[in-house]
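Before any comments, here is the structure.
If you're wondering where the values come from, they're calculated on a predicted model, not measured in any experiment. Chain letters run A, B, ... following the sequence lines, proteins first and then strands; every chain starts at 1. Hydrogens, waters and symmetry mates play no part in the numbers below; they use all other heavy atoms, side chains included.
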Amino acid sequence: MSTIKVLDDKNYDHEAVEAECRDLWDETRIYEFDPQSGKPVFSIDTPPPYVSAAHLHVGHAMSYSQAEFIVRQRRMAGYEVFYPMGFDDNGLPTERYVEQTYKVDKKTISRADFRQLCIDETAKGAVTYEAMWRALGLSVDWRLRYSTIDDHCRHTAQASFLDLYKKNLIYRANEPVLWDTKYETALAQADLETLERKGKLYDIRFSAPDGTPLVISTTRPELIPACVALYFNPEDGRYAHLAGGEAIVPLTGHAVPIKTSAEVKTDFGTGLMMVCTFGDGEDVRKWKEDKLDTRLVINQDGKLNDLAGKYAGLDVQTARGQIAKDLREAGLVEDERNVEQAVSVGERSGVPVEFAMAPQWFVSLLDKKQELLARGAELGWFPDWMKARLDHWIEGLKYDWNISRQRFYGVPFPLWYVEETGDVILADPEQLPVDPTEDAPPQWAREKYKGMTITGEADVMETWFTSSMTPLINANWVGTPGRIGTMDVYPMSVRVQAFEIIRTWLFYTLVKSHFHTGSLPWKEVMISGWGLNEQGKKISKRDLEKFTDQDGYNRYDPYSLVRRFGADAVRYWAAGSHLGNDLRFHEKDVKAGRKIVVKLWNVARLATMHLEGFDPSAPRPPVAERTIEDRWVLVELNRLVETLTRGFETYDYAIGREALERFFWRVYCDNYVELIKDRFWTPERHSDASRLSAQATLYESLRTLTALFAPYLPFITEALFQRIFKPLEGGVSIHVSDWPAPQADVVDDGASEAMDLVLGILAGVRFLRSEAKVSQTRRLDTLTVECPDDATRARVEALATSLLAATHAARLEFGSGETDTPIDGIRVAITVAEQEEAAE
RNA sequence: GGGCACGUAGCUCAGUUGGUUAGAGCGCCGUGUUGACAUCGCGGAGGUCAGAGGUUCGACUCCUCUCGUGCCCACCA
């Protein structure tokens with residue numbers, strides 16, 4: 001027979017407990033995915049963070065914790081959990097970081113050497129990240145880790161390219177592309193941000209061949225040398241006579257055609273529009289549709305070229321000022337005024353994008369919008385209103401997906417070009433991953449193009465081309481030997497991510513899955529908000545640096561918080577906002593988390609004191625025979641279980657936290673455990689049966705509470721399980737025990753109503769004690785209850801035992817009360833026990 | 001300009017299909033300790049639920065409009 005021992009540690013030592021739990025979890029390997037378990041699989045696709053550039057802050061801790069609440073609950077609910085973790089060490093952020101850290105230039109270092117530096121650097125970052133995730137208690141199966149530059153991921157990305165190529169979903173074109181002049185690379189639409197700024201709108205005088213002035217309006221005078229046409233609205237009577245004619249461009253003196261377009265607004269500026277190569281997307285469209293001349297005046301480095309005449313060599317900004325000045329001096333500026341403009345800038349560079357002509361690889365999207373919208377509609381969205389963001393993005397797509405980047409560090413395209421014929425040689429699937437700038441093309445190609453010049457594609461794929469593969473990376477789509485995970489876990493159960501990358505990561509992943517597998521990548525998506533600083537702004541590097549004190553403590557640094565308050569406390573904070581909503585960080589909220597952890601420890605200590613010697617394997621009193629206090633708490637507990645289970649089904653961890661907190665504090669600690677004390681303190685007025693009833697109920701409720709708290713507070717709940725419950729019921733860990741189900745034999749047979757009466761009277765007594773400055777535990781001589789009618793009096797009388805126990809009173813009397821209670825018509829009064837007075 | 005979300009106590013937020021005197025945490029005030037917990041208990045103050053209309057027997061909740069905040073999208077050159 002096993003019985004319960006009292007918890008011996010008076011103080012809860014989170015550091016010791018967390019270390020103990022981590023060791024236990026490592027040793028027992030309970031988080032490892034077992035494909036043979038026969039249980040339904042719950043697989044989760046979480047963001048692979050950039051490991052180099054950014055430092056972790058509580059916002060990261062928040063969103064990963066929110067996902068992990070769900071994971072832990074699903075594991076307990078009987079799912080076989082597949083929980084990998086990835087790191088994104090590809091792409092521009094890493095490249096920039098390495099360039100700056102090692103002071104290297106991509107033009108003077110070999111691709112292999114540079115990649116090695118990136119790999120080394122990101123390996124360091126990954127160590128930090130893994131340590132952080134472990135400290136937070138993320139139940140990741142670390143055998144499933146991937147990093148986007150490793151062989152498996154490069155292989156997957158290149159296989160994706162080959163598959164798209166075969167399916168005719170990818171093409172190469174030499175078209176105007178969005179161009180970042182700072183990093184000198186092409187960009188995709190999704191890489192753009194909008195910058196609001198003040199600009200100037202100039203009215204500038206062009207002329208007709210006969211010298212008649214023609215005044216156009218533009219915010220970009222530096223593009224005048226690139227002008228290839230003027231447009232006006234066909235409805236615009238002012239210019240009707242110009243149609244089909246020509247205009248002479250100032251500064252350069254070249255002639256351009258004058259055309260009409262319904263899109264020109266008659267009330268904007270002068271109603272005459274200058275079209276250039278290329279000022280914006282509209283220019284590109286007219287250039288294509290009307291087969292305009294090409295006068296590309298801005299080079300890939302953002303400087304003007306020889307077409308700009310004396311302005312050659314100036315950057316866009318300088319040229320704009322210089323040209324405006326010269327035009328003004330020449331008397332050609334009719335008007336200039338300030339305007340608000342919205343310009344597209346590179347997300348990373350912050351520099352306004354230009355257009356450049358360079359051959360690029362594109363994935364077809366524009367003719368697939370309907371299919372992609374349909375896929376998006378198949379997904380289960382949590383919260384559901386986030387779906388609108390994807391729909392709007394797809395509807396607003398203007399370009400196919402340009403995946404070429406004129407950068408260095410990324411996954412190479414698996415192909416070579418034959419200079420003489422222009423043919424494209426694709427890598428053989430067996431030779432992936434391949435780097436065409438270093439590796440030879442396949443044997444058959446070397447033979448076929450013998451004697452010709454074969455060059456590997458020097459561009460690399462953009463980073464999203466790889467990260468959009470994470471579900472297929474996890475499911476080992478390419479069949480890398482030795483990797484755990486097969487297409488059996490595909491589509492995955494859920495993707496977790498923040499809202500700002502719906503248009504990128506979510507969208508591209510959907511695209512890839514649709515094209516490669518004809519199915520969704522996951523069944524559902526869980527979209528989280530951001531952790532914000534006290535001011536409600538995104539947490540910045542500045543926050544992380546500025547608020548560090550002498551001890552190295554920083555309130556935005558998850559490590560600092562975990563060390564000071566414990567991982568459970570940080571996680572408890574993270575559960576504080578509903579899914580999809582931002583959460584402001586306040587240290588005091590983590591302290592509140594800490595408080596509930598300590599309270600849980602203490603209430604467990606109290607329970608073990610009352611339960612000392614209790615044998616849970618012995619028959620317990622049927623619920624129907626227990627006291628009303630016990631039946632009441634079990635009814636409340638059943639409701640709690642239902643609430644949490646329902647919340648978790650829709651990824652709403654916050655419902656559960658809220659309900660748990662309310663139950664734990666208001667029902668359990670403040671009332672239930674106080675109400676049962678009398679049965680142990682004054683055994684002479686309670687039966688053995690009622691004591692056993694309390695013990696059984698206390699045991700059951702504490703066990704259920706431990707399980708319900710487990711997804712949120714994995715460490716303390718594990719500690720309680722190991723110390724109290726495991727010796728009695730066996731099992732390895734609370735985290736692989738069963739998720740609680742409502743107890744079927746618990747029905748609300750009036751216990752709640754009766755307890756309302758007891759608690760109402762108790763509230764009145766507590767008020768009187770407080771008024772009279774009498775301790776809440778001091779014994780009362782009499783409890784006097786004033787009832788409005790005989791029926792109420794009879795109900796109160798029937799509850800005498802409970803009332804005396806609750807109020808620690810010796811006698812119940814009926815008479816006139818001193819104060820109201822929350823219950824209509826019932827008033828109470830108290831007298832303090834004489835003998836205690838004497839004892840003092 | 002369009003879309004999405006939001007506006008509830010000093011601060012941060014709950015409030016599940018509309019139903020009696022709107023809740024919590026923190027903060028504030030008062031008070032209590034030989035029996036889990038001062039990392040605590042008990043009590044208290046504090047809100048015209050952004051504003052205005054409308055639907056309804058009844059609105060924090062549903063509808064319309066206005067104001068304000070955040071984010072996303074947008075070629076007004």
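- Going from the C1' atom of C13(B) to that of U17(B) covers 22 Å, rounded to whole Å.
- Looking at heavy-atom distances under 4.0 Å, K265(A) makes contact with a base.
- Contact check, W681(A) against U34(B): no side-chain N or O comes under 4.0 Å of OP1 or OP2.
- Here the C1' atom of nucleotide G25(B) and the CZ atom of F585(A) are 15 Å apart, to the nearest Å.
- Contact annotation for M609(A): backbone-only contact, meaning every heavy-atom pair under 4.0 Å involves sugar-phosphate atoms and none involves a base.
- W601(A) comes within 4.0 angstrom of no nucleic acid atom, judged by non-hydrogen atoms across all strands.
- For the atom pair S63(A) OG and Q497(A) CD, the distance stands at 10.5 Å (nearest 0.5 Å).
- Ion pair R605(A)/D9(A) not flagged as a salt bridge, since none of the NZ, NE, NH1 or NH2 atoms sits closer than 4.0 Å to an Asp/Glu carboxylate oxygen.
- Among the atoms of the strands shown, base atoms are found under 4.0 Å from some heavy atom of V673(A).
- A straight line from CD of E336(A) to P of A77(B) spans 16 Å, rounded to a whole angstrom.
- Rounded to an integer number of Å, the gap from CG of N233(A) to C1' of C76(B) is 13 Å.
- Residue D280(A) contributes atom CG, which lies 10 Å from atom C1' of C76(B) at whole-angstrom precision.
- Listed nucleotides: A36(B), U31(B), U39(B). Nearest to the side chain of K773(A): U31(B).
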Please produce a list of atom pairs where a protein N or O lies less than 3.5 Å from an N or O of nucleotides 11-15 of chain B.
unit_1 : atom_1 : unit_2  : atom_2 : d
U12(B) : OP1    : R584(A) : NH1    : 3.3
A14(B) : O3'    : H578(A) : NE2    : 3.3
A14(B) : O2'    : E658(A) : OE1    : 3.4
A14(B) : O2'    : E658(A) : OE2    : 3.0

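- Comparing the P positions of G1(B) and U12(B) gives a spacing of 29 Å, expressed to the nearest Å.
- G25(B) and C40(B) have their P atoms separated by 12 Å, given to the nearest Å.
- Between the side chain of T218(A) and the backbone N or O of R220(A) there is at least one donor-acceptor pair closer than 3.5 Å.
- OP1 and OP2 of A36(B) both lie 4.0 Å or more from every side-chain N or O belonging to K599(A).
- Residue K369(A) places its NZ atom among more than 12 non-hydrogen atoms of other residues, nucleotides or ligands, all under 6.0 Å distant.
- Nucleic acid contact for F268(A): base, since at least one base atom lies under 4.0 Å from a heavy atom of the residue.
- In summary, E642(A) and R639(A) do not engage in a salt bridge, as defined by a charged side-chain N under 4.0 Å from a carboxylate O.
- Residue K398(A) is classed as a sugar-phosphate contact, given heavy-atom separations below 4.0 Å to backbone atoms only.
- Within 4.0 Å (heavy atoms only), Q189(A) reaches sugar-phosphate atoms of the nucleic acid but no base atom.
- Taking atom C1' in both C65(B) and C26(B), the straight-line distance is 37 Å, to the nearest Å.
- Put simply, the side chain of T821(A) gets close to the backbone of I826(A): a donor and an acceptor are under 3.5 Å apart.
- Salt bridge status for E674(A) with K677(A): present, with a side-chain N to carboxylate O gap under 4.0 Å.
- Listed nucleotides C4(B), G41(B), C37(B) differ in distance to N602(A); the shortest reach to its side chain belongs to C37(B).
- Side chain of E354(A) to main chain of I298(A): no donor-acceptor pair is present (N/O by atom type, distance under 3.5 Å, no hydrogens or angles).
- Residue E771(A) is classed as having no contact, given no heavy-atom separation below 4.0 Å to the nucleic acid.
- Counting to the nearest Å, the C1' atom of C37(B) and the NZ atom of K595(A) are 11 Å from each other.
- Among the heavy atoms of the strands lying under 4.0 Å from S775(A) are primed sugar atoms or P, OP1, OP2 only; no base atom is included.
- Atom CD1 of I4(A) sits about 12.5 Å away from atom NE2 of H610(A), to the nearest 0.5 Å.
- Nucleotide C76(B) has no partner under the Watson-Crick or G-U criteria, as no pair reaches both atom distances under 3.5 Å.
- Checked against C37(B), A74(B), A77(B), the side chain of K10(A) finds its nearest nucleotide in C37(B).
- A distance of about 26 Å separates the P atoms of C4(B) and A9(B), rounded to the whole Å.
- A side-chain donor from one of H686(A) and D678(A) sits under 3.5 Å from a side-chain acceptor of the other.
- In this model, the phosphate group of A77(B) is not approached by any side-chain N or O of K286(A) to a distance below 4.0 Å at OP1 or OP2.
- A straight line from CD1 of I394(A) to P of C72(B) spans 19 Å, rounded to a whole angstrom.
- Look at R238(A) and D236(A) and you find a salt bridge, because one of the NZ, NE, NH1 or NH2 atoms lies within 4.0 Å of a carboxylate O, short of that distance.
- For the P atoms, the distance from G2(B) to U16(B) is 31 Å, rounded to whole Å.
- At least one side-chain heavy atom of Y668(A) sits under 4.5 Å from a side-chain heavy atom of L705(A).
- A close approach under 4.0 Å does not occur between any side-chain nitrogen or oxygen of K538(A) and OP1 or OP2 of G70(B).
- Counting any heavy atom pair closer than 4.0 Å across all strands shown, K591(A) reaches no nucleic acid atom.
- To the nearest angstrom, P of C4(B) lies 12 Å from CD of E395(A).
- Pairing for C6(B) goes to G68(B), judged as Watson-Crick or G-U wobble with the two contacts each under 3.5 Å.
- Nearest to the side chain of F767(A), among A74(B), C4(B), G44(B), sits G44(B).
- When both distances must be under 3.5 Å, the Watson-Crick or G-U wobble mate of U20(B) does not exist.
- Side-chain to base pairing of E674(A) with A36(B): one donor and one acceptor N or O lie within less than 3.5 Å of each other.
- The base of G32(B) has none of its N or O atoms less than 3.5 Å from a complementary donor or acceptor on the side chain of S770(A).
- Residue Y231(A) is out of contact with every strand shown, counting any heavy-atom pair closer than 4.0 Å.
- Summarising the base pairing, C62(B) is matched to G54(B) through a Watson-Crick or G-U wobble pair whose two defining distances lie under 3.5 Å.
- For R646(A), taking side-chain heavy atoms from C-beta onward, the closest of the listed nucleotides U39(B), A24(B), U16(B) is U16(B).
- The partner of A14(B) cannot be assigned: no Watson-Crick or G-U wobble pair with both contacts below 3.5 Å exists in any strand.
- At a threshold of 4.0 angstrom between heavy atoms, the contacts of D283(A) with the nucleic acid are absent.
- Comparing the C1' positions of G15(B) and A24(B) gives a spacing of 10 Å, expressed to the nearest Å.
- Across the P atoms, G53(B) and G58(B) are found 16 Å apart, a figure rounded to whole Å.
- Residue contacts shown for R766(A) are limited to sugar-phosphate atoms, with no base heavy atom under 4.0 Å away.
- Residue contacts shown for A342(A) include a base, since a base heavy atom lies under 4.0 Å away.
- Across all strands shown, C40(B) forms a Watson-Crick or G-U wobble pair, both distances under 3.5 Å, with G32(B).
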